[in-house]
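Below, chains carry the letters A, B, ... as their sequence lines are ordered, and counting in each starts from 1. Just so it is clear, the model here is predicted, and its values are computed rather than measured.
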Amino acid sequence: MIGGLHKAFESRVRLGIMAVLTVNDHVEHGTLRDLLEVTDGNLASHIAALVEVKYVQVRKRFVGKRPNTSYKATAAGTRAFTEHLGAMEELLKRDLRR
Amino acid sequence: MDQEGHRNDTGALSGDLAHIRTLMERSSRFISLSGLSGVFAGVMALGGARLAQYHVARAIGSPDDGVTYDLARTGVFQLDELSITLLVDAIMVLVLALLGAFWFTWRRSRHTGQRLWDPSARRLAWNLLIPLAAGGLTCLALLYHGLPGLVAPATLVFYGLALLNASKYTLDEIRWLALSELALGVVACFWVGAGLLFWALGFGVLHIVYGGLMWMRHERGKA
């Protein structure tokens, strides 16, 4: 295992979640689900895993009478994701040189 | 995890990276803006400017005076026949340009897979509309106070500022269009008599040039 790769990102959905959250402020559940093309339950379980390691924050509130859930990447999450991306690029470069 | 087996596979890795890049781009910027909408708006603007020049020249009597019309008019704004004709002309250009922009961008959004009215589109629209609305009201005030000569430069300057603000949320070319409109608007402030000419350059020629550029870079061969 190369340094900089984070175990929390070993899934395409989680990589996608972090990719969207690092370039946006708060992203609503429905928007994220449509962007990643996953089901509600699938997204929720991956989000739960990222919340567990404190890479993502959840904000639940009411907009009028409807509940509204949105997510935000924490500073630690953004840092970890950037490191992970760097490590992925490093790996790719190494693979290409071979 | 599900993909553990081929984590180190070059294809999967570069696929993941490409996927991430697409998601970052698609979620933060409105990428479906079609260059053709710019070209179409530019052609409409040139047609509208030509029509305006014709009406002005006819009202004043000399065909050469068409572009210096604004300078000749000072004092309190009057809603005479010519003003109404020009206003109708301008509104028609605006409506046609907006319809064109909507149509070409809708067509484009089917290819990029981005929904037409997603959060990135909303963000783009608000950031464009707020400075644009403030500018529109300022231009009405200029008319009201009898300064029609400054309206054409002011529309260019405010349009440039609105585009500059919105350019953070869409394709990079919009930033260059914004800077060009701003430069042209500032220059036009010092050639008040040539308002119509600058207006045709800014809303006509620049739209066609940058719209064409956007189309060649992002759409040609893909659509």
**Item:** Validation row: Arg21(B), Leu85(A) side chains within 4.5 angstrom (heavy atoms)
**Value:** no
**Asked** Taking side chain as C-beta onward, heavy atoms only, is Leu15(A) less than 4.5 Å from His19(B)?
**Response** no
**Message:** Show the nearest heavy-atom pair for residues Met88(A) and Leu17(B), with the distance to one decimal.
**Reply:** CE-CG, 4.0 Å
**Item:** Atom pair CD/CD1 of Glu89(A) and Ile20(B) - distance to nearest 0.5 Å
**Value:** 9.0 Å
**Request:** Considering only heavy atoms and a distance below 4.5 Å, find which of Asn24(A), Thr31(A), Thr22(A), Val20(A) pairs most often with chain B.
**Result:** Asn24(A)
Inspect the surroundings of [atom1] in [X] and state if more than 12 heavy atoms from other residues, nucleotides or ligands are less than 6.0 Å away.
X         : atom1 : result
Arg123(B) : CZ    : yes
Lys168(B) : NZ    : yes
Arg122(B) : CZ    : yes

**Prompt:** Counting a contact as any heavy-atom pair under 4.5 Å apart, which residues of residues 23-38 of chain B contact chain A?
**Reply:** Leu23(B), Met24(B), Arg26(B), Ser27(B), Ser28(B)
